[in-house]
*Asks:* 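One structure, pasted below without further comment.
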Amino acid sequence: MPELPEVECVARALRQALIGRRLDRLDVRFAGVLRPSAAAVRAAAVGRTLVAVHRRGKYLILTFAAGARRQMASVAREGAGRDETHVMVHLRMTGQLFCDPQFRPDAHTHLALDFEGARVWYRDIRKFGRFTVVEDARTPRALAHVGQDMLEIGFAAWRERVASRRAPIKAVLLDQGVAAGIGNIYADETLFGARVHPLTPAAALDGAALRRIYGQARAVLRLAIRHGGTTYLNFLDFRGRPGNFRRKLRVYQREGEPCPRCATPIERRVVAGRSTRLCPRCQPQPPA
DNA sequence: ATAGCGCCCTGGTGGC
DNA sequence: TGCCACCAGGGCGCTA
């Protein structure tokens, strides 16, 4: 499942491969992923040049400017161009956005984005992903409820949002309104690294534990980015290759295996409605 | 304000 | 071997 590191890898690849290129054609095989409609997404993107790719949490925002490449210089000078348009992309569970000349579209391939000189595919087995036309790149209404990116937010701001919550810390880490980008895999890895039980109420954590969680979250996200993300189920990078962070996972998908620190078998349980892996010895249950 | 749940959707799994 | 109920899971909308 793409979380912050996987989306960051996609964002970097999109910037490198496509900035300055015009989208000539959008081939729609399944319109259900396009909001509010295929026509609206076409109007916002086709015939226009990709000028920026922003990421916030697991959201990508593609910014297009009218017409040809030479207009980009003026767009860059003026900052936010007057006639920029924006398409927000969320890959959800199984969305894949990639550029691979060898790829042949299958039943799960919903879009072909034909940029000048590069064909980009959108494939999504469960069809949960969305391309949504939004009105601005930085703070579209659609992201009003989404917090700062987990790699952008400072400790003080994060702590302020976390420390007042009585919900289990794992639920708070998954709450995209607190800070954006952490999903199930990195929540488990973060709490293992910080030696905190996922059921611990956030408000019950002391300053040292909050500091460890914040530091671990950022460290594990950055490490995963360096390794090209985690491939679980079907995440592939922009060139159709699997990320190799999965080997580095210490608890996720490892129930029954020995804890890498103390060899106690990793447990699985349900927290906040999500399957959760933890070491019962390194992450002792908080007193009830 | 906050928490919990059902929904979307499909492939994989386990039971019979 | 075949069929099928069930599960995973991010975000959103609804309810309590």
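Both backbone and side-chain heavy atoms feed into the values below; hydrogens, waters and symmetry mates do not. All values derive from a computational prediction rather than experimental measurement. In what follows, chains are A, B, ... by sequence order, proteins preceding strands, each numbered from 1.
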*Asks:* Strictly below 4.0 Å: does A/Arg92 bring a side-chain N or O up to OP1 or OP2 of B/dC8?
*Replies:* no

*Asks:* So A/Phe30, base contact, sugar-phosphate only, or nothing? Heavy-atom distance under 4.0 Å.
*Replies:* nothing

*Asks:* Kindly state whether the ring of A/Phe131 and the ring of A/Tyr122 have centres lying under 6.0 angstrom apart.
*Replies:* yes

*Asks:* Atom CZ in A/Arg35, atom CE in A/Met88: separation rounded to 0.5 Å?
*Replies:* 11.0 Å

*Asks:* Hey, does the side chain of A/Lys58 come within less than 4.0 Å of C/dG11's phosphate (OP1/OP2), counting only N and O?
*Replies:* yes

*Asks:* Does A/Gln176 place a side-chain N or O at less than 4.0 Å from the phosphate oxygens OP1/OP2 of C/dG10?
*Replies:* no

*Asks:* Would you kindly give the CZ-to-P distance between A/Arg165 and B/dG4, to the nearest whole Å?
*Replies:* 10 Å

*Asks:* Rounded to whole Å, please give me the gap between CD in A/Gln96 and P in B/dG11.
*Replies:* 13 Å

*Asks:* When you get a sec, tell me which of B/dT10, C/dG10, C/dC12 is the closest nucleotide to the side chain of A/Ile125?
*Replies:* B/dT10

*Asks:* Do the side chains of A/Arg55 and A/Glu8 get close enough for a salt bridge, i.e. N-O under 4.0 angstrom?
*Replies:* yes

*Asks:* With no hydrogens and no angle check, is any side-chain donor or acceptor of A/Gln283 less than 3.5 Å from a backbone partner on A/Arg195?
*Replies:* no

*Asks:* Determine: side-chain N/O of A/Lys127 to OP1/OP2 of B/dT10, distance under 4.0 Å, yes or no.
*Replies:* yes

*Asks:* Rounded to whole angstrom units, what separation is found between the CG atom of A/Leu174 and the P atom of C/dA8?
*Replies:* 15 Å

*Asks:* NA contact type, A/Arg268, heavy-atom cut-off 4.0 Å: base, sugar-phosphate, or nothing?
*Replies:* sugar-phosphate

*Asks:* Tell me: CG of A/Asp175 to P of C/dC12, nearest whole Å?
*Replies:* 11 Å

*Asks:* Please report, rounded to the nearest Å, how far the P atom of B/dT2 is from the CD1 atom of A/Ile169.
*Replies:* 14 Å

*Asks:* Evaluate the ring planes of A/Phe103 and A/Phe98, with Trp represented by its six-membered ring, and classify them as parallel (under 30°), tilted (30 to 60°) or perpendicular (over 60°).
*Replies:* perpendicular

*Asks:* Tell me whether the side-chain N/O atoms of A/Ser275 come closer than 4.0 Å to OP1 or OP2 in C/dG9.
*Replies:* yes

*Asks:* Please report the distance, rounded to the nearest Å, between CE in A/Met88 and P in C/dG11.
*Replies:* 11 Å

*Asks:* Under a 3.5 Å threshold, yes or no: a donor from one side chain and an acceptor from the other, between A/Thr276 and A/Arg268?
*Replies:* no

*Asks:* Could you check which of B/dT10, C/dA8, C/dG11 has an atom nearest any side-chain atom of A/His108?
*Replies:* B/dT10

*Asks:* Between the base of C/dG11 and the ring of A/Phe128 - centre-to-centre under 5.5 Å, planes within under 30° - is that a stack?
*Replies:* no

*Asks:* Is any side-chain N or O of A/His145 closer than 4.0 Å to OP1 or OP2 of C/dG11?
*Replies:* no

*Asks:* What is the distance, rounded to the nearest whole Å, between atom CG of A/Leu173 and atom C1' of C/dG9?
*Replies:* 17 Å

*Asks:* Specify the separation, in whole Å, of atom CG of A/Leu199 and atom P of B/dA3.
*Replies:* 14 Å

*Asks:* Does C/dC12 have OP1 or OP2 sitting under 4.0 Å from an N or O in the side chain of A/His90?
*Replies:* no

*Asks:* Assess whether one donor atom and one acceptor atom, taken from the side chain of A/Arg130 and the base of C/dG11, lie less than 3.5 Å apart.
*Replies:* no

*Asks:* Is it the case that the base of B/dG11 and the side chain of A/Arg126 share a donor-acceptor contact (distance under 3.5 Å, atom types as modelled)?
*Replies:* no

